[in-house]
*Asks:* 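Can you read through this structure? Questions will come right after.
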Amino acid sequence: MAKRPHMDLYAVGDHAEFAKTVTDFDVYGFAGIVGDFYGVHVNEEYAKKTRFERRIAQGALSVGFLATVMGYMAAKAPNPGAVSYRYDITFTAPVYMGDTVTARLVLERKDEERNTCVFAASVTNQDGKVVAQGQTYLKVL
């Protein structure tokens, strides 16, 4: 595949982030959209009996925050643009109601042959604790 001209808009070290305080509304809204009503997310009494001792946000919500940042990165490329297509994420700590999380991407490497940008991905809470980390992939069209 030939290198796309818009690959030159991305440089190793490019980064972006998105921060948000996680609320009950976020957890219940997300549950309603994707159907994840597992007790540890929506039932305080159930959650008290888990190792978390209280309700936690869905892990996929953190991935959603990373997807927001991927959207920022995709928007750098003019039409026909770029799309995210892969998320390799590990959840390392819980996100509780009221936590303020920051999703951050840093461009680690570019695969010019495949027109792909590979980002180091992390989500941290207000204390700097990593709650999710891994890599995301952006395809430049």
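Owing to the predicted nature of the structure, the values given are computational and were not obtained by experimental measurement. In this chain, numbering begins with 1 at the start of the sequence shown.
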*Asks:* Considering all heavy atoms of both residues, which atom of Ala74 and which atom of Leu138 are nearest to each other, and what is their separation?
*Replies:* CB-CD1, 3.9 Å

*Asks:* Measure the OG-CD1 distance between Ser122 and Ile89 for me, rounded to the nearest 0.5 Å.
*Replies:*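 Result: 9.0 Å between the selected atoms.
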
*Asks:* Less than 3.5 Å apart, any donor N or O on the side chain of Gln135 or Tyr137 sitting next to an acceptor on the other?
*Replies:* yes

*Asks:* Do the side chains of Arg109 and Asp111 get close enough for a salt bridge, i.e. N-O under 4.0 angstrom?
*Replies:*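 The answer is no: the pair does not qualify as a salt bridge.
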
*Asks:* Could you report the tightest heavy-atom contact between Arg55 and Val42, atom names first, then the distance?
*Replies:*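 In terms of heavy atoms, the two residues are closest at CD-C, 3.6 Å.
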
*Asks:* Name all pairs fulfilling the side chain to side chain donor-acceptor pair (under 3.5 Å) condition that reach into residues 6-20, sequence neighbours left out, sorted by first residue then second.
*Replies:* Lys3-Asp8, Asp14-Lys76, Glu17-Arg104, Lys20-Asp26

*Asks:* Could Glu53 and Lys48 be called an ion pair, given the rule that one side-chain N must be under 4.0 Å from one carboxylate O?
*Replies:* no

*Asks:* Please determine if Arg54 forms a cation-pi arrangement with Tyr96, meaning its NZ or CZ atom is less than 6.0 Å from the six-membered ring centre and no more than 45° off the ring axis.
*Replies:* yes

*Asks:* Looking only at heavy atoms, which two atoms of Ala31 and Asp36 are closest? And how far apart?
*Replies:* CB-O, 3.2 Å

*Asks:* If every non-hydrogen atom of Tyr87 is compared with every non-hydrogen atom of Thr136, which pair is closest and at what distance?
*Replies:* CD2-CG2, 3.4 Å

*Asks:* Using atom types as modelled and distance alone, determine if a side-chain donor or acceptor of Asp99 lies under 3.5 Å from a backbone N or O of Val101.
*Replies:*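 Not confirmed, Asp99 side chain does not pair with Val101 backbone.
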
*Asks:* Can you tell me which residue among Glu112, Glu113, Glu108 is in a salt bridge (Lys or Arg N to Asp or Glu O under 4.0 Å) with Lys110?
*Replies:* Glu112

*Asks:* Fit a plane to each ring of Phe65 and Phe18, take the angle between them on a 0 to 90° scale, and name the class: parallel (under 30°), tilted (30 to 60°) or perpendicular (over 60°).
*Replies:*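 Phe65 and Phe18: tilted rings.
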
*Asks:* Give, for atom CE of Met97 and atom OG1 of Thr23, the distance between the pair rounded to the nearest 0.5 Å.
*Replies:* 8.5 Å

*Asks:* Compare every heavy atom of Val140 with every heavy atom of Cys117, then report the nearest pair and how far apart it is.
*Replies:*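 Closest approach of Cys117 to Val140: SG-CG2, 4.4 Å.
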
*Asks:* Say you draw a straight line from CD of Gln58 to CZ of Phe30; how long is it, rounded to the nearest 0.5 Å?
*Replies:*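 Interatomic distance, Gln58 CD to Phe30 CZ, rounded to 0.5 Å: 5.5 Å.
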
*Asks:* Using modelled atom types and a 3.5 Å cut-off, is there a donor and acceptor pairing between side-chain atoms of Asn125 and backbone atoms of Asp127?
*Replies:* yes

*Asks:* Side-chain contact, heavy-atom cut-off 4.5 Å: Val27 with Val22?
*Replies:* yes

*Asks:* For the residue pair Tyr28 and Phe37, is the inter-centroid distance of their aromatic rings smaller than 6.0 Å?
*Replies:* no

*Asks:* Looking only at non-hydrogen atoms, find the nearest pair between Leu141 and Pro80 and report the distance.
*Replies:* CD1-O, 3.4 Å

*Asks:* According to a 4.5 Å side-chain heavy-atom criterion applied to Ile, Leu, Val, Met, Phe, Trp and Tyr, with indirect links allowed, do Leu107 and Tyr72 form part of one hydrophobic cluster?
*Replies:* yes

*Asks:* Can a donor-acceptor pair be found, under 3.5 Å and without considering hydrogens, that links the side chain of Thr116 to the backbone of Arg114?
*Replies:* yes

*Asks:* Quick check on the hydrophobic clustering: are Val123 and Ile56 connected, directly or via other members, by side-chain heavy-atom contacts under 4.5 Å?
*Replies:*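 No, Val123 and Ile56 fall in different hydrophobic clusters.
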
*Asks:* Taking Thr92 for its side chain and Val130 for its backbone only, find out whether a donor-acceptor pair lies under 3.5 Å.
*Replies:* yes

*Asks:* In Å, rounded to the nearest 0.5 Å, how long is the span from NZ of Lys139 to OG of Ser84?
*Replies:* 12.5 Å

*Asks:* As a quick check of understanding, evaluate side-chain contact (heavy atoms from CB on, under 4.5 Å) for Phe91 and Val63, giving each step before the final call.
*Replies:* CA-CA 9 Å; Phe91 306 114; Val63 176; 3.9 Å; yes

*Asks:* Rounded to the nearest 0.5 Å, how far apart are CE of Met70 and OH of Tyr85?
*Replies:* 9.0 Å

